Amino acid sequence: MFDFKNASKEQLKIEYNRIAREIGDDQFFTKKELNHLPEILMDGEQVLAFTSGLMDNNTWLIALTDQRVVFLDKGFIYGLKQVSINLDKINSVSGTTGLFFGEIRIEDGASERVIKNVWKKTVVAFTNKVRDALHAYRKPAAGQAAAATASVSTADDVVSKLERLAALKERGILTDAEFAEQKARILA
């Protein structure tokens with residue numbers, strides 16, 4: 001796991017070059033944003049991919065982490081614009097390509113962000129990385145949901161056993177002492 005927050009400039013450069021090679025980005029228009037990125041990352045947050053394009057008539061860095069998609073625009077001389085969407089809020093990601101450039105669309109429940117003039121070679125790679133990250137992020141949640149369902153199923157099973165036990169007692173098949181003993185076993 002790479003420590004973006006505490007890495008030296010040289011270590012960051014090496015890591016950014018590795019990610020850029022993987023995604024096909026040249027980092028040309030987003031050096032200021034990449035230099036600023038570690039300042040806004042959470043402890044342990046991992047950058048998985050990045051690319052750049054035009055949004056709201058400015059060049060933005062679009063960085064995918066294991067937690068969110070971050071949009072950064074560090075002004076020409078000063079200023080910073082930052083938007084992030086947590087992975088659990090993303091509804092869809094899609095990309096289209098043209099002759100040289102493409103477009104990436106990221107939708108959350110509130111809006112759709114359209115990033116235009118993205119290098120064609122990065123569009124598919126970046127959208128696939130986002131889909132993979134969404135899948136990985138949601139996979140543990142699916143496991144937790146299955147555990148919760150199993151827990152509910154177990155609770156339903158306990159209730160069902162207690163109802164059958166009560167029915168046996170009502171019909172006189174079990175004594176009060178036997179009922180209490182069996183009930184204690186089921187609830188234990």
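Below, each value reflects all heavy atoms present in this structure, side chains not excepted, and no hydrogens, waters or symmetry copies. Owing to the predicted nature of the structure, the values given are computational and were not obtained by experimental measurement.
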Could you state whether [X] and [Y] fall into the same hydrophobic cluster, counting links through intermediate Ile, Leu, Val, Met, Phe, Trp or Tyr residues with side-chain heavy atoms under 4.5 angstrom apart?
{"X": "Tyr137", "Y": "Ile85", "result": "yes"}
{"X": "Ile115", "Y": "Leu134", "result": "yes"}
{"X": "Tyr16", "Y": "Leu48", "result": "no"}
{"X": "Ile90", "Y": "Leu72", "result": "no"}
{"X": "Val70", "Y": "Leu80", "result": "yes"}

Supply the atom-to-atom distance [X] [atom1] to [Y] [atom2], rounded to the nearest 0.5 angstrom.
{"X": "Ile23", "Y": "Arg18", "atom1": "CD1", "atom2": "CZ", "value": "10.5 Å"}
{"X": "Trp119", "Y": "Asp25", "atom1": "CH2", "atom2": "CG", "value": "9.5 Å"}
{"X": "Asn91", "Y": "Ile106", "atom1": "CG", "atom2": "CD1", "value": "11.5 Å"}
{"X": "Ile19", "Y": "Ile14", "atom1": "CD1", "atom2": "CD1", "value": "12.5 Å"}
{"X": "Glu22", "Y": "Lys129", "atom1": "CD", "atom2": "NZ", "value": "3.5 Å"}
{"X": "Ser52", "Y": "Leu34", "atom1": "OG", "atom2": "CG", "value": "9.0 Å"}

- Taking every non-hydrogen atom, the tightest pair across Val123 and Gly102: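 Nearest pair, atom of Val123 first, then Gly102: CG2-CA, 3.8 Å.
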- Minimum heavy-atom distance between Lys81 and Trp60, given as atom pair plus value: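 Nearest heavy atoms, Lys81 then Trp60: CB-CH2, 3.5 Å.
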- Query: Quick one: ring-ring contact (aromatic ring centres under 6.0 Å, His included) pairs with a partner in residues 165-188, sequence neighbours left out?
  - Reply: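 For residues 165-188: none.
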Under 3.5 Å: donor-acceptor pair, side chain of [X], backbone of [Y]:
{"X": "Lys5", "Y": "Leu41", "result": "yes"}
{"X": "Glu33", "Y": "Lys74", "result": "yes"}
{"X": "Gln46", "Y": "Phe2", "result": "yes"}
{"X": "Glu178", "Y": "Thr175", "result": "yes"}

Report yes if some heavy atom in the side chain of [X] is under 4.5 Å from a heavy atom in the side chain of [Y]; otherwise report no.
{"X": "Leu87", "Y": "Leu64", "answer": "yes"}
{"X": "Glu45", "Y": "Asp66", "answer": "yes"}
{"X": "Ile62", "Y": "Phe126", "answer": "yes"}
{"X": "Thr122", "Y": "Phe50", "answer": "no"}
{"X": "Asn128", "Y": "Arg131", "answer": "yes"}

- Does the pair Thr127 and Ile104 meet the rule for a side-chain contact (heavy atoms from CB on, under 4.5 Å), with working shown? CA-CA 7 Å; Thr127 54; Ile104 295 173; 4.1 Å; yes
- Charged N to carboxylate O under 4.0 angstrom, Lys13 versus Glu10?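 Salt bridge between Lys13 and Glu10, a charged N being under 4.0 Å from a carboxylate O: no.
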- Test side-chain contact (heavy atoms from CB on, under 4.5 Å) applied to Leu12 and Phe4, step by step: CA-CA 7 Å; Leu12 283 171; Phe4 286 89; 3.8 Å; yes
- Message: According to salt bridge (Lys or Arg N to Asp or Glu O under 4.0 Å), does anything in residues 112-121 pair up with another residue at least two apart or in another chain? List the pairs.
- Response: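 Non-adjacent pairs meeting salt bridge (Lys or Arg N to Asp or Glu O under 4.0 Å): Arg105-Glu112, Asp108-Arg113.
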- Mind checking what makes side chain to side chain donor-acceptor pair (under 3.5 Å) contact with Thr59, not counting sequence neighbours?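 Partners of Thr59 under the side chain to side chain donor-acceptor pair (under 3.5 Å) test: none.
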